[in-house]
Amino acid sequence: MKPFKTIIAFLLFFVCTNSTAQNNNSQKIIGCWKVTKFELKTEIENSSEIINEAINNEVCFDAKGNFVTTNAEDKTIGNGTFNLSEDGKTIFQKSNNEINDIGGNAEIELLNEKTLILKSDYFTMSFEKK
């Protein structure tokens with residue numbers, strides 16, 4: 001009977017921890033994040049220019065599910081909406097700006113009070129909380 005109780009306790013802990021992941025991440029992601037590193041998975045035309053332009057951009061996420069991206073000169077270069085998956089491990093973005101739209105899904109590889117790392121099929125981006 002003791003192993004059964006241990007398994008039940010573990011499952012309850014896992015379900016409770018997993019169900020709070022989205023709530024934790026949805027709160028942690030709110031605020032402004034500065035791009036510190038940007039890597040493309042595949043080299044494309046003007047890769048180094050794209051990477052250099054991305055560094056020091058800032059993405060601000062609000063509690064209503066909106067985001068705004070500004071460049072190093074504080075000019076708005078994109079905006080749209082976002083939401084997180086139920087498990088809080090994937091961010092879905094829809095940009096209102098087709099020119100700068102890298103949108104789509106990205107896996108949240110790391111999210112804490114200071115660091116955000118997003119990874120997709122096309123890129124990995126690292127951010128620092130402002």
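Just the heavy atoms: all of them, side chains too, but no hydrogens, waters or symmetry mates, feed the values below. Owing to the predicted nature of the structure, the values given are computational and were not obtained by experimental measurement.
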Going by atom type alone, with no hydrogens or angles, which donor-acceptor pairs under 3.5 Å involve a side-chain atom of residues 38-48 and a protein atom two or more places apart or on another chain?
from	atom 1	to	atom 2	distance (Å)
E39	OE2	K37	NZ	3.2
K41	NZ	S120	O	2.9
S47	OG	I44	N	2.7
S47	OG	I44	O	2.6

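Closest approach of F67 to K94, counting heavy atoms only: CE2-O, 3.8 Å. Contact between D87 and S85 at its shortest, heavy atoms only, is OD1-OG, 2.6 Å.
Note: the hydrophobic cluster containing L111 also contains F123 (ILVMFWY, side chain heavy atoms under 4.5 Å, direct or indirect links). Placement of V35 and V68 in two distinct hydrophobic clusters is found when ILVMFWY residues are connected by side-chain heavy-atom separations under 4.5 Å, directly or transitively. Residues F92 and F127 fall into different hydrophobic clusters, defined by Ile, Leu, Val, Met, Phe, Trp and Tyr side chains chained together at heavy-atom separations under 4.5 Å.
Side-chain contact between E113 and K129: absent, with no pair of heavy atoms (C-beta onward) separated by less than 4.5 Å. Put simply, the side chain of L118 reaches to within 4.5 Å of the side chain of I91, judged on heavy atoms.
Legend: residues meeting salt bridge (Lys or Arg N to Asp or Glu O under 4.0 Å) with K130, ordered by chain and number and at least two apart, are E58. Residues meeting the ring pair (Phe, Tyr, Trp, His ring centres under 6.0 Å) test with F82, sequence neighbours left out: F61. In this structure, the salt bridge (Lys or Arg N to Asp or Glu O under 4.0 Å) partners of K119, at least two apart in sequence or on a different chain, are E109. Remark: N52 pairs with no residue by the side chain to side chain contact (heavy atoms under 4.5 Å, CB included) rule, at least two apart or across chains. Applying the side chain to side chain contact (heavy atoms under 4.5 Å, CB included) rule to N66 yields the partners D62, K64, T81; only residues at least two apart in sequence or on another chain are considered.
Side chain of T70 to backbone of T76: no donor-acceptor contact under 3.5 angstrom is found.
With 3.5 Å as the limit, one finds no donor-acceptor pair spanning the side chains of N71 and N57.
Screening residues 68-81 for salt bridge (Lys or Arg N to Asp or Glu O under 4.0 Å) gives no qualifying pairs among residues at least two apart or on separate chains. The disulfide bond (SG atoms under 2.5 Å apart) pairs that include a residue from residues 32-67 are C32-C60, where partners are two or more places apart or lie in different chains.
The NZ atom of K28 sits 11.0 Å away from atom OG1 of T115, with the distance rounded to the nearest 0.5 Å. Rounding to the nearest 0.5 angstrom, the gap separating the CE atom in M125 from the OG1 atom in T36 is 9.0 Å. To the nearest 0.5 Å, the span separating CG on L84 from OG1 on T90 amounts to 8.5 Å. Rounding to the nearest 0.5 angstrom, the gap separating the OG atom in S126 from the CG atom in L116 is 8.5 Å. To the nearest 0.5 Å, the span separating CD1 on I55 from CD1 on I50 amounts to 12.5 Å.
Other residues sharing a hydrophobic cluster with L110 under the 4.5 Å side-chain heavy-atom criterion for ILVMFWY residues are I117.
Atom NZ of K34 sits in a sparse spot, with 12 or fewer heavy atoms from other residues, nucleotides or ligands closer than 6.0 Å.
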